[in-house]
Amino acid sequence: MKYLIVANWKMNPQTMAEAERLFISVKNGIKNIKNVEVVICPPFVYLSALLNPKSYILNPKIGAQDSFWENPPTGGGAFTGEVSPKMLRNVGCRYVIIGHSERRRYLNETDEMVNKKLKAALKNDLKPVLCIENISQVKKGLKGILKEGLKNMVIAYEPVFAIGTGKPCSPEKAEKMRKAIKSAINTDIPILYGGSVNSQNAGDYIEKAKFQGLLVGGASLNPQEFLRIVQNID
Ligand code: PGA
């Protein structure tokens with residue numbers, strides 16, 4: 001199995017030109033990477049521009065940072081401001097981040113909403129990256145999702161104290177949580193670590209704490225730093 005590194009650009013960068021530059025630097029920088037699948041998750045507005053026919057099939061894959069839960073047969077509906085998983089799949093997204101702690105905190109996203117979003121994403125052949133910080137969020141988020149669905153998912157352990165703070169979780173504590181998640185889901189799917197990952201600490205989460213990948217926020221906006229992380233893991 002390849003390691004998985006997901007870049008969460010959050011609400012950055014502010015212009016299309018910067019987004020293209022960042023994307024192209026990463027794309028060129030990972031040409032010789034063999035053991036890592038890289039997924040870039042830009043804001044919605046940049047998705048189709050970055051998803052030209054070439055990037056559709058190659059490394060890096062593209063993901064979205066959220067998608068809506070309603071999944072009517074037509075895929076559409078009266079939900080102002082929302083983006084459906086069907087639209088994302090249609091433009092070529094492979095992955096979607098669901099339940100990020102920033103959405104739980106600033107937009108009051110509940111476990112119930114997260115659960116509905118996961119189900120809708122899976123129905124549309126998107127691979128959800130479920131972000132959690134405790135086992136209760138794992139259990140509630142995955143309620144009613146059967147093993148076949150779970151097999152197409154990724155879980156990211158992201159302790160809130162470590163997100164964007166420059167204070168990463170210790171590999172020992174993170175490993176305990178990884179084991180707890182694994183025994184709660186009882187399925188072999190990639191479990192990622194996220195929270196203040198940089199090129200200095202990235203290797204510890206793979207080597208010491210045995211995660212199958214990383215979810216990288218801040219450091220993914222600096223192409224040199226992000227490429228160092230990918231190269232270290234490769
Ligand atoms: P960070 O963000 O790497 O900037 O801590 C991680 C995340 O929120 O996914």
Side-chain angles (χ1 to χ4, degrees), residues 3-14 18-19 22-23 25-26 36-44 46-47 60-67 93-109 111 113-114 117-118 121 126-134 137-138 141 153-171 173-175 177-178 181 189-206 208-209 211-233:
Y3 293 105
L4 178 65
I5 300 188
V6 180
N8 177 11
W9 286 3
K10 309 193 181 187
M11 200 172 73
N12 302 290
Q14 296 306 299
E18 287 170 282
L22 179 55
F23 181 74
S25 306
V26 173
V36 180
E37 171 153 306
V38 178
V39 179
I40 308 276
C41 300
F44 287 133
Y46 304 138
L47 285 174
K61 305 251 184 330
I62 298 274
Q65 297 174 15
D66 183 40
S67 64
C93 283
R94 300 293 181 88
Y95 287 82
V96 61
I97 297 173
I98 303 279
H100 192 279
S101 64
E102 285 151 11
R103 297 193 61 83
R104 294 180 192 258
R105 180 171 164 203
Y106 299 119
L107 296 152
N108 296 325
E109 226 175 76
D111 288 315
M113 292 170 177
V114 167
K117 288 183 175 193
L118 289 174
L126 286 171
K127 239 182 197 304
V129 179
L130 167 63
C131 298
I132 55 92
E133 63 157 340
N134 55 47
Q137 289 178 347
V138 176
M153 286 187 51
V154 174
I155 294 185
Y157 169 52
E158 293 215 307
V160 168
F161 68 83
I163 297 180
T165 56
K167 296 189 181 114
C169 181
S170 73
K173 183 169 182 260
E175 183 179 19
M177 196 57 192
R178 182 187 61 72
I181 295 167
I189 58 168
I191 302 177
L192 317 183
Y193 169 77
S196 296
V197 171
N198 59 37
S199 60
Q200 303 296 309
N201 62 26
D204 289 347
Y205 296 103
I206 307 295
K208 293 190 190 156
F211 281 87
Q212 287 98 340
L214 303 163
L215 180 49
V216 184
S220 73
L221 298 172
N222 173 336
Q224 288 80 26
E225 176 66 355
F226 184 67
L227 288 170
R228 275 195 291 271
I229 296 173
V230 175
Q231 283 150 7
N232 286 353
I233 303 309

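Note that these values count all heavy atoms, side chains included, but never hydrogens, waters or copies made by symmetry. Remember, it's 1-based here, ligands and their atoms both numbered in the order they're listed. Remember, it's a predicted structure, so these values are computed and weren't measured experimentally.
- Looking at atom 7 (C) of ligand 1, its nearest protein heavy atom turns out to be E158 OE2, 3.2 Å.
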Original post:
Would K208 and E175 count as a salt bridge (charged side-chain N to carboxylate O under 4.0 Å, His left out) if you check the C-alpha gap in whole Å, the side-chain angles of each, and the deciding distance to 0.1 Å?
Top reply: CA-CA 8 Å; K208 293 190 190 156; E175 183 179 19; over 6 Å; no
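- The OH atom of Y3 sits 8.5 Å away from atom CD of Q212, with the distance rounded to the nearest 0.5 Å.
- With ligand atoms numbered from 1 in the order given, ligand 1 contributes 2 (O), 5 (O), 8 (O) to contacts under 4.0 Å with heavy atoms of I163.
- The protein heavy-atom contact nearest to atom 2 (O) of ligand 1 is K10 NZ, 3.2 Å.
- Here the NZ-CG distance, from K117 to L126, works out to 13.0 Å after rounding to the nearest 0.5 Å.
- Taking only nitrogen or oxygen atoms, main chain and side chain alike, V216 does not reach within less than 3.5 Å of ligand 1.
- Heavy atoms of S196 approach ligand 1 to within less than 4.0 angstrom.
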Original post:
Given the rule in the salt bridge (charged side-chain N to carboxylate O under 4.0 Å, His left out) test, do E133 and R104 qualify, once you have shown the distances and angles that lead to the verdict?
Top reply: CA-CA 11 Å; E133 63 157 340; R104 294 180 192 258; over 6 Å; no
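- Close approach to L215 involves these atoms of ligand 1, each under 4.0 Å from a residue heavy atom: 9 (O).
- In terms of protein heavy atoms, atom 3 (O) of ligand 1 is closest to G217 N, 2.9 Å.
- With hydrogens left out, the protein atom closest to atom 4 (O) of ligand 1 is G218 N, 2.8 Å, a heavy atom.
- Atoms OH and NZ, on Y157 and K173 in that order, are 4.0 Å from each other to the nearest 0.5 Å.
- At a 4.0 Å heavy-atom cut-off, ligand 1 touches A162 through the backbone alone.
- Against a heavy-atom cut-off of under 4.0 Å, H100 is close to the following atoms of ligand 1: 7 (C), 8 (O), 9 (O).
- For ligand 1, the polar-atom distance check finds no N/O of G195 at less than 3.5 Å from any of the ligand's N/O atoms.
- Close contacts of ligand 1 with G164, meaning ligand atoms under 4.0 Å from a residue heavy atom, involve 1 (P), 4 (O), 5 (O).
- Residue I97 holds its CD1 atom at 8.0 Å from CD of E158, rounded to the nearest 0.5 Å.
- Atom CD of residue E225 and atom CG of residue N198 lie 5.5 Å apart, to the nearest 0.5 angstrom.
- Ligand 1 lies out of reach of G194, whose nearest heavy atom is not under 4.0 Å from it.
- Atom CD of Q137 sits about 11.0 Å away from atom CD1 of I155, to the nearest 0.5 Å.
- None of P42, P60, P223 except one satisfies the side chain to side chain contact (heavy atoms under 4.5 Å, CB included) rule with F23; the exception is P60.
- When heavy-atom distances to ligand 1 are checked against a 4.0 Å cut-off, N8 comes that close only through its side chain, counted from C-beta outward.
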